[in-house]
Amino acid sequence: MKPDRYPILVSLFVLLLLVSCNSELVISEHKTVSETWSKNDTMGFEFNIIDTLAFYEFYINVRHNLKYPYRNIHFFIQTEFPNGNISHDTIECVLANVRGKWYGKGFGDIKENEILIRENLRFPISGTYQIDFVQAMRDDELIGISDIGIYIGKSSAN
């Protein structure tokens with residue numbers, strides 16, 4: 001493991017400890033992308049919803065290095081509901097301004113963006129959900145993305 005990743009791992013561990021005590025948390029998980037992210041590779045996340053009356057906040061977390069060649073990233077998202085129904089969506093996450101200055105936080109050559117996708121989201125059915133992400137950029141092999149993550153937690157408006 002590269003020494004420049006240790007501070008990131010330590011901060012993730014501390015974050016995990018802080019949110020693991022939070023009963024409002026549904027999922028906070030990251031998946032590591034290999035050297036390149038192929039259009040055929042899926043990043044999948046599974047989580048369980050119990051409270052269908054609550055409102056939730058849904059964030060995508062994108063970590064990339066300075067080799068990432070674009071100022072945005074597009075995703076195809078497939079959500080499988082507990083009853084087997086499937087929905088499809090396409091979203092764009094902006095990672096830099098028009099002049100190329102990266103958004104997000106980070107140090108060294110790693111930047112991290114936590115992007116709010118939906119607030120006041122309600123899940124209509126209790127049970128296990130599966131959300132899959134596929135990169136929807138024009139490159140068959142996308143470089144520079146190191147991790148994709150999601151965070152879903154109950155909204156503070158509950």
Side-chain angles (χ1 to χ4, degrees), residues 1-20 22 24-49 56-82 85-97 100-123 127-155:
M1 181 175 298
K2 296 179 183 177
D4 59 345
R5 285 198 169 229
Y6 290 122
I8 294 171
L9 291 175
V10 170
S11 64
L12 286 174
F13 180 71
V14 170
L15 178 65
L16 182 63
L17 285 175
L18 291 173
V19 296
S20 65
N22 184 350
E24 306 297 311
L25 177 68
V26 174
I27 183 173
S28 179
E29 185 178 345
H30 286 83
K31 303 278 178 146
T32 300
V33 177
S34 64
E35 292 292 318
T36 61
W37 188 4
S38 169
K39 282 192 171 210
N40 300 321
D41 293 341
T42 300
M43 296 291 162
F45 300 90
E46 187 175 281
F47 56 94
N48 193 39
I49 293 294
Y56 296 88
E57 294 176 342
F58 174 29
Y59 290 86
I60 293 178
N61 188 288
V62 179
R63 270 192 217 115
H64 64 90
N65 60 42
L66 300 181
K67 294 177 185 173
Y68 185 69
Y70 305 107
R71 63 181 217 93
N72 63 355
I73 185 168
H74 292 263
F75 296 105
F76 295 130
I77 300 176
Q78 176 178 294
T79 305
E80 183 175 350
F81 293 77
N85 288 344
I86 294 176
S87 73
H88 298 273
D89 203 355
T90 303
I91 62 164
E92 175 191 20
C93 296
V94 178
L95 305 176
N97 68 19
K101 180 171 175 18
W102 295 112
Y103 295 135
K105 56 189 174 191
F107 47 90
D109 67 344
I110 301 290
K111 294 296 179 190
E112 182 173 346
N113 289 271
E114 188 174 88
I115 301 157
L116 178 64
I117 300 302
R118 293 273 312 266
E119 60 184 337
N120 297 322
L121 170 66
R122 273 198 163 146
F123 292 94
T128 302
Y129 286 76
Q130 173 76 30
I131 295 181
D132 295 325
F133 292 85
V134 175
Q135 63 97 347
M137 301 299 283
R138 292 184 177 157
D139 299 357
D140 288 338
E141 300 290 328
L142 189 60
I143 64 166
I145 300 294
S146 59
D147 297 274
I148 298 298
I150 66 170
Y151 169 87
I152 298 174
K154 284 189 179 178
S155 171

Next item on the list: Under the ring pair (Phe, Tyr, Trp, His ring centres under 6.0 Å) rule, what do Y56 and F47 come out as? Steps first, then yes or no, please.
Entry: CA-CA 13 Å; Y56 296 88; F47 56 94; 8.7 Å; no

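- Taking the six-membered ring for Trp and thresholds of 30 and 60 degrees, F133 and F75 have ring planes more than 60 degrees apart, a perpendicular arrangement.
- The minimum heavy-atom distance between A96 and R71, with the atom names listed, is O-NH1, 2.7 Å.
- Inter-residue side-chain proximity for M137 and N72 is flagged as met; some heavy-atom pair is nearer than 4.5 Å.
- To the nearest 0.5 Å, atom NE2 of residue H88 and atom OG1 of residue T79 are 9.0 Å apart.
- At least one side-chain heavy atom of Y103 sits less than 4.5 Å from a side-chain heavy atom of V94.
- Residue I145 holds its CD1 atom at 13.5 Å from NZ of K67, rounded to the nearest 0.5 Å.
- Atom CD of residue E35 and atom OG of residue S146 lie 10.5 Å apart, to the nearest 0.5 angstrom.
- Partners of Y70 according to the side chain to side chain donor-acceptor pair (under 3.5 Å) rule, which considers only residues two or more places apart in sequence or in another chain, are D139.
- In this structure a side-chain-to-backbone donor-acceptor pair under 3.5 Å is missing from N113 to I115.
- Of all non-hydrogen atoms in P69 and I143, the two that sit nearest each other are CD-O, 3.7 Å.
- No side-chain heavy atom of D147 sits under 4.5 Å from any side-chain heavy atom of N61.
- By the 4.5 Å heavy-atom criterion applied to side chains, L121 and I152 are not counted as neighbours.
- Applying the side chain to side chain donor-acceptor pair (under 3.5 Å) test to T36 and every residue at least two apart in sequence or in another chain returns E141.
- I131 and F58 get closest at one heavy-atom pair: CD1-CZ, 4.1 Å.
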Item checked: Criterion salt bridge (charged side-chain N to carboxylate O under 4.0 Å, His left out) on R63 and E112, from CA distance to verdict -> CA-CA 4 Å; R63 270 192 217 115; E112 182 173 346; 3.3 Å; yes

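- Side-chain contact between K39 and Q135: present, with at least one pair of heavy atoms (C-beta onward) separated by less than 4.5 Å.
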Checklist line | Test log, rule side chain to side chain contact (heavy atoms under 4.5 Å, CB included), inputs C93 and I91 | finding: CA-CA 7 Å; C93 296; I91 62 164; 4.2 Å; yes

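- Considering only heavy atoms from C-beta on, F76 comes within 4.5 Å of T90 through its side chain.
- Contact detail for Q78 and I86: the closest heavy-atom pair is CG-CG2, 3.4 Å.
- For R122, the CZ atom counts as densely surrounded, since its 6.0 Å shell holds more than 12 non-hydrogen atoms of other residues, nucleotides or ligands.
- L142 is listed as a side-chain neighbour of I73, based on a closest heavy-atom distance under 4.5 Å.
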Checklist line | Worked check of side chain to side chain contact (heavy atoms under 4.5 Å, CB included) between W37 and M43 | finding: CA-CA 10 Å; W37 188 4; M43 296 291 162; 3.7 Å; yes

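- Ring orientation note: the planes of W102 and H64 are tilted relative to one another, at an angle of 30° to 60°.
- T42 places no side-chain N or O within donor-acceptor distance of the main-chain N or O of G44, the cut-off being under 3.5 Å.
- V26 pairs in a side chain to side chain contact (heavy atoms under 4.5 Å, CB included) with only one of the listed residues (N48, I150, I49), which is I49.
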